[in-house]
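Working notes for the structure below.
In this text, all values refer to a predicted model and were calculated from it rather than measured experimentally. Proteins get letters first, then strands, A, B, ... in listed order; numbering begins at 1 in each.
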Amino acid sequence: MFKFYHRLAAPVFVLVAAILTLFSPDTAFAADQLNSGDTAWIITATALVLFMTLPGLALFYAGLVRSRNVLSVLMHCVAIACLMSVVWLVIGYSLSFTDGAGANKLIGGFSRLFLAGVGTDTLSGTIPENVFFSFQMTFAVITPALMVGAYVERIKFSAVLILSALWLICVYAPVTHWVWGGGWLADMGVMDFAGGLVVHATAGISSLVIVKALGARHGFPNDVAPPHNPGMVAMGACMLWVGWFGFNGGSALAADGAAGMALTVTHIAAATASLVWMLIEWKKYGKPSLVGLVTGTIAGLATITPASGFVGPVGALIIGVAAGLVCFKMVQVVKTAWKLDDSLDVFAVHGVGGSLGTILVAVLCAPMFGGLGLPEGATIGSALGVQAIGLVATIVWSAIVTFILVKVTAGLTGGLRVREDDELEGLDITSHGETAYRLD
Amino acid sequence: MFKFYHRLAAPVFVLVAAILTLFSPDTAFAADQLNSGDTAWIITATALVLFMTLPGLALFYAGLVRSRNVLSVLMHCVAIACLMSVVWLVIGYSLSFTDGAGANKLIGGFSRLFLAGVGTDTLSGTIPENVFFSFQMTFAVITPALMVGAYVERIKFSAVLILSALWLICVYAPVTHWVWGGGWLADMGVMDFAGGLVVHATAGISSLVIVKALGARHGFPNDVAPPHNPGMVAMGACMLWVGWFGFNGGSALAADGAAGMALTVTHIAAATASLVWMLIEWKKYGKPSLVGLVTGTIAGLATITPASGFVGPVGALIIGVAAGLVCFKMVQVVKTAWKLDDSLDVFAVHGVGGSLGTILVAVLCAPMFGGLGLPEGATIGSALGVQAIGLVATIVWSAIVTFILVKVTAGLTGGLRVREDDELEGLDITSHGETAYRLD
Amino acid sequence: MFKFYHRLAAPVFVLVAAILTLFSPDTAFAADQLNSGDTAWIITATALVLFMTLPGLALFYAGLVRSRNVLSVLMHCVAIACLMSVVWLVIGYSLSFTDGAGANKLIGGFSRLFLAGVGTDTLSGTIPENVFFSFQMTFAVITPALMVGAYVERIKFSAVLILSALWLICVYAPVTHWVWGGGWLADMGVMDFAGGLVVHATAGISSLVIVKALGARHGFPNDVAPPHNPGMVAMGACMLWVGWFGFNGGSALAADGAAGMALTVTHIAAATASLVWMLIEWKKYGKPSLVGLVTGTIAGLATITPASGFVGPVGALIIGVAAGLVCFKMVQVVKTAWKLDDSLDVFAVHGVGGSLGTILVAVLCAPMFGGLGLPEGATIGSALGVQAIGLVATIVWSAIVTFILVKVTAGLTGGLRVREDDELEGLDITSHGETAYRLD
Amino acid sequence: MKFVMAVIKPHKLDAVREALGATGVEGMTVSEVKGYGRQRGQTEIYRGAEYQVHFLPKVKIEIAVADDKAAEVVEAIQNSANTGKIGDGKVFVYDLESAVRIRTGEQNNDAL
Amino acid sequence: MKFVMAVIKPHKLDAVREALGATGVEGMTVSEVKGYGRQRGQTEIYRGAEYQVHFLPKVKIEIAVADDKAAEVVEAIQNSANTGKIGDGKVFVYDLESAVRIRTGEQNNDAL
Amino acid sequence: MKFVMAVIKPHKLDAVREALGATGVEGMTVSEVKGYGRQRGQTEIYRGAEYQVHFLPKVKIEIAVADDKAAEVVEAIQNSANTGKIGDGKVFVYDLESAVRIRTGEQNNDAL
Ligand SMILES: Nc1ncnc2c1ncn2[C@@H]1O[C@H](COP(=O)(O)OP(=O)(O)O)[C@@H](O)[C@H]1O
Ligand SMILES: Nc1ncnc2c1ncn2[C@@H]1O[C@H](COP(=O)(O)OP(=O)(O)O)[C@@H](O)[C@H]1O
Ligand SMILES: Nc1ncnc2c1ncn2[C@@H]1O[C@H](COP(=O)(O)OP(=O)(O)O)[C@@H](O)[C@H]1O
């Protein structure tokens with residue numbers, strides 16, 4: 001409520017600017033003006049994306065595990081959110097979004113450690129840089145949190161913290177720089193509007209690597225417990241859906257028709273994928289389930305993410321259908337064919353979805369599919385090539401680096417897994433000393 | 001995060017516009033400018049209204065049923081949200097908001113099927129049309145979802161989907177066009193700021209028609225189970241309340257004092273109706289209940305909805321008191337006198353509330369009640385007439401068409417109801433193969 | 001959706017204004033322009049802060065009590081929200097934010113009772129006054145609701161309502177006027193960006209006074225029940241965190257870099273305090289708990305609140321560490337040394353946190369700590385003095401007046417406490433006639 | 001006295017309660033249990049993976065009755081809980097040595 | 001040995017536990033149950049509609065004791081669980097043939 | 001017939017179920033209970049305050065068996081539920097007078 005001197009100043013500023021502009025064609029100048037509408041939306045989007053993790057994703061995952069591990073899953077998500085935020089401030093943001101000078105194609109620099117040099121007047125486009133920083137921070141929070149789904153119900157809490165922090169610096173920051181920070185993939189014109197590569201592919205692939213090293217839950221595959229609370233799963237999924245408006249819509253970094261279209265196609269893809277998943281279950285098992293329906297929602301959201309700034313409503317319908325069909329199939333493949341206990345299907349839903357969308361966008365951004373158009377000078381073919389390169393690079397980097405980080409973490413924690421007794425008794429009481437439901 | 005060429009362009013645009021306007025009185029031109037602040041708010045309002053249904057309404061309803069039907073209720077709400085979104089894109093929006101040429105007084109046209117012709121630059125007033133489309137979509141999602149409360153715990157899932165889709169096209173779209181799409185009620189100057197007629201009256205009346213055809217739950221009225229989780233009911237109600245700021249405040253389609261006043265009166269009416277309901281229970285039964293308190297909240301919110309753009313704070317207090325008294329009474333009437341198992345009181349709360357507000361606004365919009373003023377050239381009397389005509393037309397149309405649609409749906413699904421065994425065993429396991437709480 | 005004549009008018013207005021300004025240096029005039037971006041953000045912030053109470057705080061507290069008192073806690077929070085909103089409209093806002101003429105240093109006047117004279121065009125800075133009113137209302141709602149944590153599981157519902165209403169008028173309104181309404185503390189230049197004094201100190205101190213009069217729960221300290229649902233606690237804490245972006249970020253009353261910085265430091269302090277609390281538990285008890293982690297979150301948020309508009313990211317880290325250490329310690333002190341059953345630690349977390357931040361800001365706002373600067377003409381020393389005076393005044397006033405109000409309330413309700421049988425049987429069934437969980 | 005313990009399908013509880021009321025049973029104690037038997041568990045499918053749920057929800061009813069009423073009570077339960085489908089449950093009877101009503105201290109049959 | 005089974009009001013559990021401790025009972029098993037009896041159910045009112053809740057929450061306590069301690073245990077429960085109000089519950093006693101402590105294999109009285 | 005009632009640690013349920021299956025037990029009834037015994041309760045710490053949780057989660061298993069199988073069943077439970085740690089639980093056996101299968105009306109051993 002404190003009065004700011006600049007409060008009064010601001011309007012004058014705008015007007016002076018306006019006047020000057022009347023006589024100067026320097027549009028760059030105009031571009032450097034703060035736009036309060038854009039700022040209002042991106043601040044809101046920041047809150048929405050934080051809401052995706054806290055409590056959206058946390059509840060989505062917590063409902064899928066058995067009741068003796070609920071709190072451990074919530075703990076993973078909240079603690080990751082806290083730790084990643086600090087790591088992002090200290091170094092993550094700087095590595096991702098500043099100029100890396102000689103190494104700039106690969107990684108950013110150190111000029112923004114602790115957000116050095118960013119005040120209330122530092123702008124990034126038409127919004128304050130501190131808002132851009134915070135918006136990006138919420139992405140850095142949710143990405144490692146997505147991986148929680150892979151290792152629930154058996155991992156040491158210390159391993160979760162160490163692995164997530166290392167991963168943010170070594171996997172997330174570089175890939176973010178490549179794609180959004182002016183790195184080599186950005187130079188190639190790769191299309192990743194809101195994180196098909198940066199968020200979903202990195203998390204999905206890394207999850208598989210972690211699971212391979214960690215091993216399956218006791219009883220997998222035939223005797224693991226079913227979701228303890230599908231209603232909690234649905235609640236979390238709904239919050240993820242709503243928050244995703246900020247995730248994709250906010251990635252336009254403005255409150256305009258581009259944000260509106262991103263929001264529109266995001267919603268349509270989510271709705272379509274949900275219905276497709278529902279219909280598959282209905283046909284295949286005779287009953288459509290709530291868990292299935294909302295899993296389709298997440299699959300649709302992950303798949304549209306990289307494409308959300310490039311495709312139109314019709315493209316969104318196509319992406320929704322593809323997401324439902326492919327992700328449903330992949331869930332089976334991972335668990336049945338590959339026999340990997342990616343417990344909550346991070347790879348099949350996020351990894352596959354994000355990758356699928358990364359490829360599809362090259363086609364569906366074309367006007368003939370109602371898309372918003374290919375990058376200047378690109379053809380569908382050339383775009384496909386660039387997207388494929390981006391995808392492969394992301395996969396390879398994520399896999400190799402995560403493999404190393406898992407080894408390091410295992411070393412530091414004396415093994416990633418809790419004792420078998422503790423796994424059987426449940427992580428809530430053995431790792432955190434708490435009981436989830438005391439309904440007497 | 002992708003850079004848009006138009007990002008840079010926008011500001012120039014604005015300024016060029018500004019300059020031009022300096023020399024042109026053509027305000028229409030100005031009206032066609034994108035306002036980033038208005039856009040930021042309506043995008044946010046869209047997220048808030050989606051949040052009302054997912055998970056707000058879903059939780060509100062799910063907490064009121066017994067534990068063996070929780071998941072089915074959540075499933076109804078989420079699946080309806082998905083299906084209605086697609087139907088809205090395909091045809092609903094076009095029928096509601098485009099020019100129906102010769103039939104325009106009754107129904108819109110087909111020019112916006114699949115959002116044809118809407119790009120990132122297409123405006124609707126001061127906001128992108130895709131944002132207006134999405135904002136309206138969230139209304140089209142919640143309205144059929146409101147009706148879930150009428151038929152829970154006994155209806156076939158297939159019937160829910162078919163009936164909702166048909167209803168959106170045949171009941172919701174026409175009435176929306178009449179009132180907001182330039183149809184005959186709009187021409188008469190009917191006042192319905194955010195959906196007293198379009199949303200609450202249509203859903204409330206239709207609920208009664210559905211219940212009449214579907215029949216009561218096993219054990220009604222003396223032996224149905226009480227709400228299984230009042231805390232979940234309250235959580236959902238709180239989310240509905242917060243989301244309603246977007247519902248009513250967003251209906252101003254701008255971030256201005258009109259939106260602010262709509263939000264203010266919405267909040268005051270909700271708070272007042274809650275307290276009134278609480279006091280009635282306290283006096284009548286000796287104990288004020290949580291379920292009662294939050295039912296009052298929803299009654300207040302539904303009742304202020306049509307009036308939220310026309311009345312002042314004092315009018316809001318009056319509407320809140322009226323909502324609490326009348327809706328409380330009607331809940332009893334429907335269940336005891338009419339013996340209708342409108343299970344979660346959709347008619348008594350939404351139908352009655354929306355209708356009540358539709359009538360009261362004609363009086364309370366008058367300056368003498370601190371209202372924002374009657375429509376130009378109208379008197380309280382004339383306004384009352386118009387509102388009454390709108391209400392009767394909405395009721396008659398909703399009742400007749402829903403009656404037909406129910407018959408059609410029953411035909412397609414071989415009866416609306418599940419088998420009695422399944423009803424007793426619960427829809428969660430029998431319709432969806434899932435168990436809601438597995439707390440061991 | 002209703003068309004407003006002023007819809008069209010607005011743009012013209014802006015432009016006319018612009019033109020005039022080109023020839024007039026009267027910046028005050030410019031300052032009186034509505035800024036749609038600022039308005040969009042503050043409307044959103046209003047929704048976020050309401051979301052903090054409903055359902056954020058309600059769930060946070062409800063999860064901490066035993067299952068037979070869950071509904072009573074939710075009831076307290078929702079009913080307080082309703083009643084405070086009405087009281088705020090009737091008199092609270094006017095006493096807090098209008099000119100009190102002769103008494104203005106101490107209290108505001110009556111010119112805004114029932115929001116008299118506020119229309120859709122009345123501005124407060126760059127936003128409509130009705131938006132400012134509503135934003136402030138959400139603060140007036142959450143402050144008495146915070147005190148619920150002190151008296152849960154044993155207080156009469158009638159006492160909750162009476163005490164809260166009196167408190168809002170006699171404690172909250174005056175202190176708000178002193179600090180934000182142009183009263184004597186504002187004149188001294190006290191720094192309280194978003195309510196360290198106004199919200200957290202008043203509620204924290206008053207809680208102790210209430211507890212002293214009310215007495216401890218049956219079984220305290222050795223035999224009270226542990227939190228019945230830590231997952232619910234975490235869910236509520238996450239919602240509080242997200243909502244706090246509106247609380248602190250919205251207090252900038254604009255969508256600009258000041259709001260962005262407030263949001264950034266708020267997030268960093270919350271994350272840091274959470275980690276600190278977690279580490280203390282880990283070291284001290286061998287296991288980090290979810291309840292502990294999120295209690296740290298709230299401590300960090302409360303502590304940064306007064307400082308959020310004045311410190312930088314580094315200051316936020318320091319505040320986060322201090323909040324974790326000090327609040328953790330104080331929780332023990334209150335319960336073990338002072339033997340006070342401040343059941344959910346309102347004083348130790350909010351009172352102490354808010355006070356701590358109020359003092360720390362005087363130091364950390366200094367540029368040498370990356371702060372945004374001391375008030376004009378102030379030194380760290382002088383600022384410390386002013387902050388201390390503000391804190392002492394707030395504590396003394398809150399304590400004395402609350403003491404009197406508790407006596408009055410006890411008189412009106414025939415004692416604050418429910419009968420012991422009822423306390424043992426639980427307030428849900430005995431005060432509200434409801435059962436929280438019916439999972440059969 | 002006898003102690004009758006029955007395990008039935010949850011949705012049959014109301015029917016059984018009424019049937020017992022008809023036989024003049026004044027009280028009973030009910031609890032939620034999980035049953036394992038011929039009926040085998042149900043398989044629930046989540047995300048295409050089949051979960052073998054070994055234990056099915058059942059309701060346990062405990063009734064202390066006077067010796068001469070036992071047979072009647074067992075029969076009442078049997079008739080009212082019967083759906084003819086596997087998993088209907090069992091009725092067990094064993095000997096009850098003594099019963100006391102806490103409130104009054106009444107003993108045995110008077111306590112029921 | 002005897003097996004004592006008591007049904008009491010939930011909020012009396014702590015009192016009973018302490019009373020039993022005083023008599024030297026080393027262990028017991030407790031479960032949440034729902035009771036039906038003279039007390040009849042409570043009616044809960046939601047949105048003005050009365051819901052007849054037939055079953056009330058109760059707590060069941062099971063204690064295996066040596067023959068000679070049975071009487072004392074029953075009395076302890078009776079005294080500590082008594083509120084004098086209807087619905088206080090019952091104490092049942094029946095014969096226990098054998099007991100084993102899983103951990104050690106100790107038998108009967110040694111197992112308690 | 002005999003009625004075997006065992007109280008075990010929750011995470012041992014699967015092991016016991018399998019062991020019982022091996023002995024040819026066709027059915028059982030399981031419920032969640034809370035146990036009090038030598039193991040004492042656990043202390044949970046919330047916000048630095050220690051909460052003495054007197055009752056620990058346990059699982060109760062009830063099995064009606066033919067007389068001659070009782071010993072074998074008890075042994076199977078004992079072996080499969082044993083962790084050697086305090087709190088493993090108990091197995092109680094008492095006499096069962098009659099059993100009926102609701103679905104078919106089969107009596108006693110045929111009903112199991
Ligand atoms: N030997 C047993 N001891 C205790 N309870 C049993 C036993 N056998 C079955 N039950 C209980 O009876 C229920 C029904 O038994 P089941 O064999 O599935 O069907 P049916 O009773 O029709 O033969 C089981 O779920 C279980 O709870
Ligand atoms: N015949 C019975 N068999 C088993 N449990 C019983 C029986 N009668 C009563 N109970 C249990 O005892 C509880 C109290 O009995 P009730 O008749 O309500 O009050 P009181 O014990 O004071 O007479 C009941 O809720 C029920 O759980
Ligand atoms: N006398 C008893 N009567 C009924 N149940 C008992 C009795 N003693 C112990 N139990 C049950 O057995 C469980 C384990 O007993 P405890 O003494 O803690 O360990 P142990 O069985 O290893 O001696 C207890 O939690 C309780 O559920």
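In this structure, chain F has no heavy atom under 4.5 Å from any part of K58(D). Only the side chain of K2(D) comes within less than 4.5 Å of a heavy atom of chain F; its backbone N, CA, C and O stay farther away. For I86(D), the parts lying near chain F are the backbone and the side chain together; criterion is any non-hydrogen pair under 4.5 Å. Contacts between V4(D) and chain F at a heavy-atom distance below 4.5 Å are absent for every atom of the residue.
Side-chain contact check for E32(F) versus E32(D): every heavy-atom pair is 4.5 Å or farther apart. Contact check for F55(D) versus R17(F): side-chain heavy atoms found under the 4.5 Å cut-off. Side-chain contact check for F92(D) versus M1(F): every heavy-atom pair is 4.5 Å or farther apart.
Interface summary for chain F: among G89(D), S31(D), G35(D), G37(D), the most heavy-atom pairs under 4.5 angstrom belong to G89(D). When each of E62(F), K60(F), E26(F) is scored by its heavy-atom pairs under 4.5 Å with chain D, the top score falls to E26(F).
Here E18(F) contributes atom CD and H54(D) contributes atom NE2; the two are 7.0 Å apart, rounded to the nearest 0.5 Å.
Shown here is E75(D), whose CD atom has no more than 12 heavy atoms of other residues, nucleotides or ligands within 6.0 Å.
Annotation: residues 93-112 of chain D contacts chain F through V93(D), Y94(D), D95(D) [non-hydrogen atoms, separation under 4.5 Å].
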